[in-house]
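Take a look at the structure set out below.
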Amino acid sequence: MADDSSDEFMRREFPLSTQDFVFLRDFAEAQVGVVLSLDKREMIYSRLARRLRSLGLADFAAYCRLLARAQSAEVAYFIHAITTHLTAFFREAYHFDFLLETAFPQIEKSMATGRRLRLWSAACASGEEAYSLAMTVHEYGRFANWDVRILATDVDTEMLTQACAGIYGADRVSGMSVERQRRFFSRLDDGRYRVTDELLAMVSFRPFNLIQPCAAGEFHDVIFCRNVMIYFAESHRRALIARFASMQRPGAYLMLGHAETLEQGGAQFYDTCGRTIHRRQGEQ
Ligand SMILES: C[S@@+](CC[C@H](N)C(=O)[O-])C[C@H]1O[C@@H](n2cnc3c(N)ncnc32)[C@H](O)[C@@H]1O
């Protein structure tokens with residue numbers, strides 16, 4: 001048995017033993033693929049301490065037992081607490097510029113998809129990325145008679161509820177041009193902003209866990225999977241890239257986050273053609 005007596009985490013309001021941390025770390029990886037190294041113990045403590053207080057639990061050992069119960073409703077809360085949801089409208093703007101200047105004209109010209117455009121925001125958090133895709137489609141302006149769908153998924157159902165509502169504080173919207181604000185948002189009485197019905201109708205939000213296999217569905221012309229794989233174990237990253245490849249036709253695009261690369265596993269499926277922009281290989 002490990003001696004925890006010198007461990008300062010054991011002297012806190014809610015004792016968090018190394019054993020409890022290891023349980024939470026393994027549980028997180030099994031549920032969502034996220035790797036929590038030992039230096040994340042402080043983060044785990046601070047993100048969950050309030051939860052333990054409100055649940056009336058004495059220590060993390062009790063919290064681990066709660067999570068371990070079959071079909072524990074606490075799992076959704078735990079996932080929300082340990083994942084990072086930082087996002088913004090038109091974050092990493094070069095991807096949206098690339099759509100306007102390169103990807104959309106290519107897709108329009110090739111017509112390979114039969115006047116259908118399928119975009120996927122694969123870890124959409126509170127929805128800003130998906131609505132930025134919808135705005136970009138509008139700004140491009142030449143898909144008016146096309147069947148355009150934007151799929152937006154996330155494992156965190158709390159984030160999906162926010163995303164579906166399409167309501168954002170003024171601070172979230174203020175970074176966009178006044179023209180975009182006027183065209184794509186209406187101002188609510190409480191000072192917040194709501195995306196237009198037109199944008200809402202273009203996006204379908206669904207729960208989806210990127211580390212789980214999925215049934216073959218439609219091909220995606222562009223996948224945005226940004227700032228999520230960076231938290232995954234390498235085995236999950238590799239499996240996910242292979243799965244994306246199976247869901248894209250040659251010539252389709254995969255956009256990753258600014259600190260993410262395809263590494264060895266992806267080079268057999270995609271060519272890199274810009275900053276974190278990858279193109280599915282194969283005959284078109
Ligand atoms: C930092 S946000 C990225 C948001 C957006 N893609 C961007 O780049 O601005 C990461 C999101 O990934 C989600 N996430 C984490 N693990 C996931 C998984 N296994 N499957 C699906 N989404 C996951 C989190 O819930 C979170 O909303």
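Just follow the structure's listing: the first ligand is 1, and inside any ligand the first atom is 1. Note that the coordinates shown come from a computational prediction; the quantities given were computed from them, not determined experimentally.
- Geometrically, Arg12 engages Tyr45 in a cation-pi contact, judged by NZ or CZ lying under 6.0 Å from the ring centre and within 45° of the ring axis.
- Comment: Arg69 does not engage Glu74 in a salt bridge, judged by the lack of any side-chain N to carboxylate O separation of less than 4.0 angstrom.
- Taking the centre of each ring, Tyr168 and Phe89 come in below the 6.0 Å mark.
- Counting only non-hydrogen atoms, the option in Leu240, Asp154, Ile230 that gets closest to atom 13 (C) of ligand 1 is Asp154.
- Shortest contact from atom 7 (C) of ligand 1 to any protein heavy atom: Arg91 NH1, 3.3 Å.
- Of the polar atoms of Leu210, at least one N or O is found under 3.5 Å from an N or O of ligand 1, judged by distance alone.
- Proximity to Ala125 (heavy-atom distance under 4.0 Å) selects the following atoms of ligand 1: 4 (C), 27 (O).
- Of the N or O atoms in Tyr231, none lie within a sub-3.5 Å distance of an N or O in ligand 1.
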Give the table of side-chain donor-acceptor pairs shorter than 3.5 Å for residues 80-88, with sequence neighbours excluded, one pair per line with atom names and distance.
{"from": "His80", "atom 1": "ND1", "to": "Asp156", "atom 2": "OD1", "distance (Å)": "3.4"}
{"from": "His80", "atom 1": "ND1", "to": "Asp156", "atom 2": "OD2", "distance (Å)": "2.6"}
{"from": "Thr83", "atom 1": "OG1", "to": "Ile79", "atom 2": "O", "distance (Å)": "2.6"}
{"from": "Thr83", "atom 1": "OG1", "to": "His85", "atom 2": "NE2", "distance (Å)": "2.9"}
{"from": "His85", "atom 1": "NE2", "to": "Asp156", "atom 2": "OD2", "distance (Å)": "2.9"}

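- Of all atoms in ligand 1, listed by their number and element, those nearer than 4.0 Å to a heavy atom of Arg226 are 3 (C), 5 (C), 6 (N), 7 (C), 8 (O).
- Phe27 pairs by the ring-ring contact (aromatic ring centres under 6.0 Å, His included) definition with Phe23, Phe78, not counting sequence neighbours.
- Near Asp156, with a cut-off below 4.0 Å to any heavy atom, the atoms of ligand 1 are 25 (O).
- Under a 4.0 Å criterion applied to the non-hydrogen atoms of Leu86, ligand 1 contributes the atoms 1 (C), 2 (S), 3 (C), 4 (C), 9 (O).
- The shortest N or O to N or O distance between Val32 and ligand 1 is under 3.5 Å.
- Each of Ile150 and Met159 belongs to its own hydrophobic cluster when Ile, Leu, Val, Met, Phe, Trp and Tyr are linked at side-chain heavy-atom distances under 4.5 angstrom.
- Which parts of ligand 1 touch Thr87 is read off a 4.0 Å heavy-atom cut-off, strictly below it: atoms 4 (C), 5 (C), 7 (C), 9 (O).
- The closest non-hydrogen atom to atom 19 (N) of ligand 1, taken over Asn209, Ile79, Ile211, comes from Asn209.
- Near Phe232, the atoms of ligand 1 lying under 4.0 angstrom from a non-hydrogen atom of the residue are 16 (N), 18 (C), 19 (N).
- For atom 17 (C) of ligand 1, the closest non-hydrogen atom on the protein side is Val155 CG1, 3.5 Å.
- Contact record, Leu200 with Cys164: CD2-O, 3.5 Å, taken as the closest heavy-atom pair.
- The environment of Glu179 atom CD is sparse: at most 12 non-hydrogen atoms of other residues, nucleotides or ligands sit within 6.0 angstrom.
- Under a 4.0 Å N-O distance rule, the pair Glu234/Arg238 qualifies as a salt bridge.
- Distance from atom 8 (O) of ligand 1 to its nearest protein heavy atom, with residue and atom name: Asn227 ND2, 2.8 Å.
- Close approach of ligand 1 to Glu129 is summarised as follows: ligand atoms under 4.0 Å from at least one heavy atom of the residue are 5 (C), 6 (N), 7 (C), 8 (O).
- Among Phe244, Phe219, Phe205, the single residue meeting the ring-ring contact (aromatic ring centres under 6.0 Å, His included) criterion with Trp120 is Phe244.
- Of the heavy atoms in Val228, only side-chain atoms (C-beta onward) come closer than 4.0 Å to ligand 1.
- A heavy-atom separation below 4.0 Å is not found between Phe224 and ligand 1.
- Contacts of Thr83 with ligand 1, taken as heavy-atom pairs under 4.0 Å, involve the side chain alone.
- Just one residue in the list Phe96, Phe104, Trp146 forms a ring-ring contact (aromatic ring centres under 6.0 Å, His included) with Tyr140, and that residue is Phe104.
- Below 3.5 Å of separation, one finds no N or O of Gly33 facing any N or O of ligand 1.
- The contact set between ligand 1 and Thr84, taken as ligand atoms under 4.0 Å from a residue heavy atom, comprises 1 (C), 2 (S), 10 (C), 11 (C), 26 (C).
- Summarising the local packing, CZ of Arg53 is surrounded by more than 12 heavy atoms from other residues, nucleotides or ligands at distances under 6.0 Å.
- Residues Tyr270 and Arg280 bring no donor and acceptor atom of their side chains to less than 3.5 Å of each other.
- Of the protein's non-hydrogen atoms, Ala123 O, 3.2 Å is the one closest to atom 4 (C) of ligand 1.
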